[in-house]
Amino acid sequence: MSTVVTDILQGLNPPQREAVETLDGPLLILAGAGSGKTRVVTRRIANLINHGVRPWEILAITFTNKAAGEMRQRVETLVGQSGVWLSTFHSFCARILRREAPVLGFSQTFTIYDEDDAQKVIKTVIEKLGIDDKRMSPGALRTLISGFKSKALAPEDLEIGTFHERIAQQVYQEYQAALTRNQALDFDDLLLKALVLFRDHTEVRERYRQRFRHVLVDEYQDTNGCQYQLVKLLGEGHRNVCVTGDPDQSIYSWRGADVRNILSFERDFPDTKVVRLEQNYRSTQNVLALASAVIKHNKERKAKELWTENPAGEPPALRIVGDQDLEAYEVVSEIERLIGTGRRYSDIAVFYRTNAQSRPFEQSLIRSAIPYQLIGGTPFYERREVKDALAYLRLLVNPKDDVSFARIVNVPRRGIGESSTDLIARKATDMSCSMLETLDRTEWMEKELAQKARNSLYAFARMLDVLRQQPRYPVADLVKRMLNDSGLLDSLRESGEDERLKNIEQLINAAVTYDAENEPGKLMAQGPPPEPGAFDGLDEIVQMQASVSGFLENAALMTPQDARKNSEDVVTLMTLHMAKGLEFPFVFIAGVEEGLLPMVRVGSSVFGAEQSAQDEQVRASEEERRLFYVGATRAKERLFLLMVRRRLRFGKYEVSIPSRFLDEIPENLIEETDRAGAGWDSGNFQLGNRVRSSFGGNRGRIRPGAAFEELDEFDATSAPGKKGRGLAQYAASAQEHSNDEFSQLNDTAFEIGDRVKHASFGEGSVEAIQGLGLSAKVQVHFREHGPKWLMLSIAKLRKV
DNA sequence: AACTCTACGGTTTTT
DNA sequence: CCGTAGAGTT
């Protein structure tokens, strides 16, 4: 035993050791970036087990399922077994609710609605209430309601002042009623209902308190009001609550997370032991210095200084380039250079603020045959055909699910159009049942439906009935059968949509994998009780997984992170938000520009925030700074920042301004390279303009075709061996933009001050030029009609 | 009922 | 720029 304990403490610094050895009572671990937090948490779990705590008495909450899986593995390596309940808040709550649903008066086969489904419900509610959806969009209302729910506010808890607030309350109320009718829970409900369960049902609460004698929560700085209350409820009896987090890495306030939860932990649990982990083991001194320099500018912050014994390392780099294509090119050349020095693709990650920025990187990587994985974007389970298939399964399990019914009743085409669907919806309301259930009563159908639609609906209902008779396990068999019987597979085959067909194949694979992982016998070996009776039958919760509901639950709660593959040697592309908790030797942060990083907030909050609009602004911009900080501190060896001079946004080039975060980095901490040069500075240029390149200070003209050679030459001088990639690519992109119109544009390359003539406006002079190629615009001041912006590709302007 | 065309608006970030 | 909601067409 003592050797095991020694192992567990081996290589830990004093505070880490203290955290691992503090087994009882409330514990707050303030863990700076890269301070070995995961190590501490896993060792602490192992230590608990070594001290006689039974694995199933430990509940550990992580941010993603993937993180949970990794932690489970590490614990198993340390103590040879697990059985620790490791999952996300959402998965945890979903499982508890599956088991305890009867207590709350809803079905165990409830459906989990994703954002898309929730939005659809909101839409029907808006329609029903006759609200003008121009004034309050479904999206805005959904966000608002989600905000209430994550603070555990019921509709009747809201303080109503304005008209808008009244509407929101009404929609919230109706929305919840609709979810209940559908036997559906949205993401927020998973937390909220679990909270209600524990709050209002003493017996249940006690049962789970006894079961989970130790509670650990990772990334506590990103918990919302509901999660916070859940932790409190579960932990209040034994007070064996350990939370870890870093206020500087709180980046989810926009979805209800409240950093105050971690700041006030000591107050909620008196006698908390606080451990600070401030030695960083991840990054070079240079990386750390840069990150610290920036985060220091946050006012709302507890002072903290991370330090490291790691080497100074190479200086972080700032690369300034012309536009987003060149930005991607710059990253790719650097990647090729790194690979040339023997580094692996998997050592490298590219982070950006918005998913929309990923495209140029993908294109560049593909062109250079560099393997990569894109995390996020439209995940697998949100593809249309996959959602259709899942909707069938959902309807099989839960006949009350009208959202799924409406989604698939006419997919594939069965000749059941909008009018029939509307009629069914009305009938469902009249008969107080679900849409699918209206099909059980044939009288109204005989009377009110055309024969064609009626027969289709009979066939549809019968098909579902047959499927419902099928064994629910293995899930894969049912999935296959469903794909056949529904006609989904045939219709995809016929239409030749290979991509979608592949996705469906992948769905079958997912079901096969699910079956393999949840095989009843194997399942018992994984977690459940060595001692019967120790759990009050809580093992059933785990068993419940081996079902269609379990499969659907996995699908619904799958995070993009979970799909990430560690094993493959590929470059990783993802948003800054998804980067939390990860590390890579080389990190690129793209688009370090005002308006992007930090992101500007456009719309004002819908209501309630008038008096605190400015506070809100400050809070938001500090969160952006934390986001930058999270990104920067992922880098182990070297950090690359990128900014462009002009960026294509909504199909228009916009001049970019350096991010304020760049101003906050002392000059000696960053090595700046300007590949764009003065000629690229204005952003107001046009095919044919004279430009100067920083590639050897050469001059040239932006001209597709002819310009290729000139540009290649420039590039060759600065990047031997990588002939012509940089500016040639620019030229290629310019050509793309100009396309066939080029010959016309080339003749009409205007400069400020040119006199021009327009067919209807007459003569005028060019005052400004913006954009490139087909999106190029000029502002012309006409003698008789004043100033006007004209699209060059449309307006036929002639020089005079 | 299903297909085609156009106008519009969208970009934060995600469980 | 791109996708899609809604209108208009067959």
**OP:** Identify whether NZ of Lys or CZ of Arg in R634(A) sits under 6.0 Å from the centre of the six-membered ring of F584(A) and within 45° of that ring's axis.
**Re:** no

Original post:
Can you check whether T575(A) has a side-chain N or O nearer than 4.0 Å to OP1 or OP2 of dT14(B)?
Top reply: yes

Original post:
For the pair made of CD in Q119(A) and P in dG10(B), what is the distance, rounded to whole Å?
Top reply: 12 Å

**OP:** Give the rounded distance in Å between these two atoms: CG of D258(A) and P of dT15(B).
**Re:** 20 Å

**OP:** Just call it for R413(A): base, sugar-phosphate, or nothing, with non-hydrogen atoms closer than 4.0 Å on any strand.
**Re:** sugar-phosphate

What protein N or O atoms touch nucleotides 3-5 of chain C N or O atoms at under 3.5 angstrom, if any, and at what distances?
none

Original post:
Separation of K652(A) atom NZ from dC1(C) atom C1', in whole Å?
Top reply: 12 Å

Subject >> Residue that, paired with R647(A), satisfies salt bridge (Lys or Arg N to Asp or Glu O under 4.0 Å) out of E593(A), E654(A), E594(A) >> reply: E593(A)

**OP:** Look at all strands and tell whether S91(A) reaches a base, only sugar-phosphate, or nothing, counting heavy atoms closer than 4.0 Å.
**Re:** nothing

Subject >> side-chain contact (heavy atoms from CB on, under 4.5 Å) evaluation trace for F106(A) with L97(A) >> reply: CA-CA 9 Å; F106(A) 56 79; L97(A) 290 171; 4.3 Å; yes

**OP:** Identify whether any heavy atom of E418(A) sits under 4.0 Å from a base atom; if not, whether one sits that close to sugar-phosphate; answer base, sugar-phosphate or nothing.
**Re:** sugar-phosphate

Original post:
Nearest of dG10(B), dT14(B), dA2(B) to any side-chain atom of W254(A)?
Top reply: dT14(B)

**OP:** Let me know the distance between CZ of F89(A) and P of dT15(B), rounded to the nearest Å.
**Re:** 15 Å

Subject >> Short side-chain N/O contact from T64(A) to OP1 or OP2 of dT15(B), under 4.0 Å >> reply: no

Original post:
Of the candidate nucleotides dT11(B), dA1(B), dT13(B), which contains the atom at the shortest distance from the side chain of S420(A)?
Top reply: dA1(B)

Original post:
Quick one: R142(A) CZ to dT14(B) P, roughly how many Å, whole number?
Top reply: 16 Å

Original post:
Which sits closer to the 5' end of DNA chain B, E623(A) or A453(A), going by the nucleotide each is nearest to?
Top reply: A453(A)

**OP:** Answer yes or no: does a side-chain N or O of N355(A) lie under 4.0 Å from OP1 or OP2 of dT14(B)?
**Re:** yes

Original post:
What's the closest nucleotide to the F187(A) side chain, out of dT11(B), dT15(B), dC3(B)?
Top reply: dT15(B)

Original post:
Which pairs count as side-chain hydrogen bond (donor to acceptor under 3.5 Å, both in side chains) when at least one residue sits in residues 144-154 of chain A, sequence neighbours excluded?
Top reply: S146(A)-D188(A), K149(A)-Q176(A), K149(A)-D186(A), K149(A)-D189(A)

**OP:** Provide, to the nearest angstrom, the distance between the OH atom belonging to Y252(A) and the P atom belonging to dT15(B).
**Re:** 7 Å

Subject >> E553(A) CD - dT15(B) C1' separation (whole Å) >> reply: 13 Å

Original post:
Any idea which of dA2(B), dT11(B), dT15(B) is nearest the N410(A) side chain?
Top reply: dA2(B)

Original post:
Are any of S146(A)'s side-chain N or O atoms less than 4.0 Å away from OP1 or OP2 of dT14(B)?
Top reply: no

